[in-house]
Amino acid sequence: MPTPMSQYLSEFVATGILILLGNGVVAGALLNRSKAQGAGWGVITAAWGLAVLIGIFIAGPTSGAIMNPALTLALAAIGKLSWSLVPGFVAAQLAGAFAGAVLVWLSYLAHWRLSDDPAAKLAIFCTAPAVRDTRANLLTEAIGTFVLTFAALAIGANTLSPGLGPFGVGLLVVVIGMSLGGPTGYAINPARDLGPRLAHALLPIAGKGGSDWGYAWVPVVAPIAGAVLGAFAFQAVYG
């Protein structure tokens, strides 16, 4: 049986790879002189789904590949994860997200100085609303994370061929991005936003602007609320 430390390490590595690949596709689509510049929303959402898939394959056998503090809290709330593991899981997820964001910066090191849009550089690291309306932004993120949690648990409740479940969750993230990601960029994961936002604030990124800390609480609070509600809704439906 995996030890807590091996589970924390798995969450750190899987979340780091998730952010490296997920934020990496955004960097490729937005930074000047990137061969993927202008790739668009479809490529971004597809790559995020694949990034989740790879993360699940990395950490699934060890920690369950949660990679999301909101989902971690939700699973603990319905008894599917020990509360004693929650602090270590959340710390590992946040640290992994920070590390993944640093690797994105290094991977595109030559391109930051060639791009002069601070907002685009921030968007590579974290989310921002298309229309800044706090109540609407909170609602969007809560709905998206509710769907993520409820549907991911429902996928797990089905009898599937071995190895098929991760593909279902990856496709779930793709469809959430395509259908619900437009208003806020679908953080649906506090670590996905907070870890890279902190990296943006600390790294010497050429031509960067502020890290928009005034918005940073929204993709933390709303996903937690949505995930917990989604978990209890699943429990109510499936028992």
When rounded to the nearest 0.5 angstrom, what distance separates [atom1] in [X] from [atom2] in [Y]?
X      : Y      : atom1 : atom2 : answer
Asn68  : Leu73  : CG    : CG    : 9.0 Å
Thr145 : Ile176 : OG1   : CD1   : 7.5 Å
Leu180 : Glu141 : CG    : CD    : 10.0 Å

When you look at Val147 and Leu172, which way does the side-chain contact (heavy atoms from CB on, under 4.5 Å) test go after all the steps? CA-CA 9 Å; Val147 173; Leu172 170 62; 4.3 Å; yes
Indicate every side-chain donor-acceptor pair of residues 186-202 with a distance under 3.5 Å to a residue at least two apart or in another chain.
unit_1 : atom_1 : unit_2 : atom_2 : d
Asn189 : OD1    : Ala191 : N      : 2.9
Asn189 : OD1    : Arg192 : N      : 3.4
Asn189 : ND2    : Met67  : O      : 2.8
Arg192 : NH1    : Phe125 : O      : 3.2
Asp193 : OD1    : Arg197 : NE     : 3.0
Asp193 : OD1    : Arg197 : NH2    : 2.8
Asp193 : OD2    : Thr127 : N      : 2.8
Asp193 : OD2    : Thr127 : OG1    : 2.6
Asp193 : OD2    : Arg197 : NH2    : 3.2
Arg197 : NH1    : Ser211 : O      : 2.8
Arg197 : NH1    : Asp212 : O      : 3.1
Arg197 : NH2    : Thr127 : O      : 3.2
His200 : ND1    : Ser211 : OG     : 2.8

Give a yes or no on whether [X] and [Y] share a hydrophobic cluster (residues Ile, Leu, Val, Met, Phe, Trp, Tyr; joining criterion: side-chain heavy atoms under 4.5 Å apart).
X      : Y      : value
Phe146 : Leu171 : no
Leu94  : Leu18  : yes
Val169 : Ile143 : yes
Phe98  : Trp213 : yes
Val52  : Val43  : yes

Heavy atoms only: give me the nearest [X]-[Y] pair and the separation to one decimal.
X      : Y      : value
Leu122 : Gly210 : CD2-O, 3.8 Å
Leu21  : Ala51  : CB-CB, 3.8 Å
Leu203 : Lys208 : O-NZ, 2.7 Å
Leu20  : Val104 : O-CG2, 3.6 Å
Trp41  : Gly185 : CH2-CA, 4.3 Å
Lys121 : Ile205 : CD-CG2, 4.4 Å

Could you list who else is in Met178's hydrophobic cluster, with ILVMFWY side chains joined at under 4.5 Å, directly or through other members? Val174
Under the 4.5 Å side-chain heavy-atom rule for ILVMFWY, direct or indirect, which residues accompany Val218? Leu138, Tyr215, Trp217, Val221
Give every donor-acceptor pair under 3.5 Å between a side-chain atom in residues 25-33 and any protein atom, sequence neighbours left out.
unit_1 : atom_1 : unit_2 : atom_2 : d
Asn32  : OD1    : Gln37  : NE2    : 2.8
Asn32  : ND2    : Leu114 : O      : 2.8

Would you mind reporting whether [Y] and [X] have side-chain heavy atoms less than 4.5 Å apart?
X      : Y      : result
Pro223 : Leu148 : no
Leu75  : Phe89  : no
Trp48  : Asn23  : yes

Kindly write out the residues that satisfy side-chain hydrogen bond (donor to acceptor under 3.5 Å, both in side chains) with [X], not counting sequence neighbours, or none if the list is empty.
X      : result
Gln93  : Glu11, Thr72
Ser6   : Thr3
Ser84  : Ser82
Asp117 : none

Any chance NZ of Lys80 has more than 12 other-residue heavy atoms, nucleotides or ligands included, within less than 6.0 Å? no
Around atom CZ of Arg113, are there more than 12 heavy atoms of other residues, nucleotides or ligands at under 6.0 Å? no
Checking Asn158 side chain against Leu160 main chain: does a donor-acceptor pair fall under 3.5 Å? no
For the side chain of Thr45 and the backbone of Gly42, is there at least one donor-acceptor N/O pair under 3.5 Å apart? yes
Residues passing the ring pair (Phe, Tyr, Trp, His ring centres under 6.0 Å) test with Phe12, sequence neighbours excluded, are none
Please say which of Val90, Val86, Thr15 ends up in a side chain to side chain contact (heavy atoms under 4.5 Å, CB included) with Pro69. Val90
Could you list the donor-acceptor pairs under 3.5 angstrom formed by side chains in residues 227-239, with sequence neighbours left out?
unit_1 : atom_1 : unit_2 : atom_2 : d
Gln235 : NE2    : Ile78  : O      : 3.4

Only counting residues at least two apart or in another chain, list the ones meeting side chain to side chain contact (heavy atoms under 4.5 Å, CB included) with Leu53. Leu50, Phe57, Pro166, Phe167
Non-neighbouring partners of Ala130 that pass side chain to side chain contact (heavy atoms under 4.5 Å, CB included), sequence neighbours left out: none
